[in-house]
Amino acid sequence: MPSYVWTDNARRAWLEAAERAWCEGYEQGRAQGVVLRLLFWRGIEIPAHVHRRVRSTTDLDQLRTWRDRAYDVTDAAELFD
C-alpha cells in the first residue's frame with residue numbers, strides 16, 4: 001500500500017485490529033487445547049470426531065462452555081449435549 005495512505009490513524013487502527021485478531025486466535029487455540037487436555041488428564045478417550053469438532057470451533061464462548069463441561073463428563077461426546 002502506498003505510504004501516503006498510511007496516515008497515523010490508519011496505521012494505529014490496522015495495528016490494533018491485527019493485535020486483537022492475534023489475541024483472539026491465541027485465546028481460541030489455548031481454549032481448544034484446554035478442553036482436550038482436561039479430557040485427556042481425566043483419562044477420557046477422545047474420539048477423532050470430538051477432537052476435530054473442538055479444534056475446528058472458533059467461538060470462544062462455546063469453547064469455554066465445553067471447558068466447564070470437561071470437568072464432569074464421563075464420555076467426550078457429552079461435551080456437545
Side-chain angles (χ1 to χ4, degrees):
M1 196 173 274
S3 60
Y4 62 85
V5 175
W6 282 105
T7 64
D8 286 341
N9 286 338
R11 184 178 296 114
R12 187 175 309 115
W14 185 87
L15 290 170
E16 287 173 359
E19 181 179 0
R20 210 171 27 255
W22 185 87
C23 288
E24 288 173 5
Y26 177 76
E27 283 184 49
Q28 168 199 324
R30 286 187 48 89
Q32 293 165 344
V34 166
V35 171
L36 296 171
R37 276 192 304 275
L38 280 169
L39 295 172
F40 174 77
W41 289 337
R42 294 191 58 229
I44 296 174
E45 183 180 342
I46 305 169
H49 75 279
V50 171
H51 191 274
R52 279 191 305 272
R53 185 166 174 189
V54 170
R55 282 292 180 193
S56 67
T57 299
T58 59
D59 181 345
L60 283 173
D61 290 331
Q62 182 65 69
L63 289 164
R64 288 180 185 118
T65 297
W66 291 345
R67 177 205 57 205
D68 293 344
R69 289 180 186 167
Y71 286 102
D72 299 316
V73 298
T74 56
D75 182 279
E78 292 174 358
L79 288 175
F80 313 132
D81 292 338

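Side-chain contact between V35 and T57 is absent, with no heavy atoms from C-beta onward closer than 4.5 Å.
Closest approach of L39 to A76, counting heavy atoms only: CD1-CB, 4.0 Å. The nearest pair of heavy atoms linking I46 to F40 is CD1-N, 4.0 Å.
With rounding to the nearest 0.5 Å, the separation of CZ in F80 from NE2 in H49 is 6.5 Å. Note that the CZ atom of R30 and the CZ atom of R37 stand 7.0 Å from one another [nearest 0.5 Å]. A distance of 10.5 Å separates OG1 in T65 from CG in L79, rounded to the nearest 0.5 Å. If you take NE2 on H51 and CD on Q32, they are separated by 9.0 Å, rounding to the nearest 0.5 Å.
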Starting from the C-alpha separation in whole Å, work towards a yes-or-no answer on side-chain contact (heavy atoms from CB on, under 4.5 Å) for V73 and D81.
-> CA-CA 10 Å; V73 298; D81 292 338; over 6 Å; no

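For residues 58-76, the pairs satisfying salt bridge (Lys or Arg N to Asp or Glu O under 4.0 Å) are E27-R64, D61-R64, with sequence neighbours left out.
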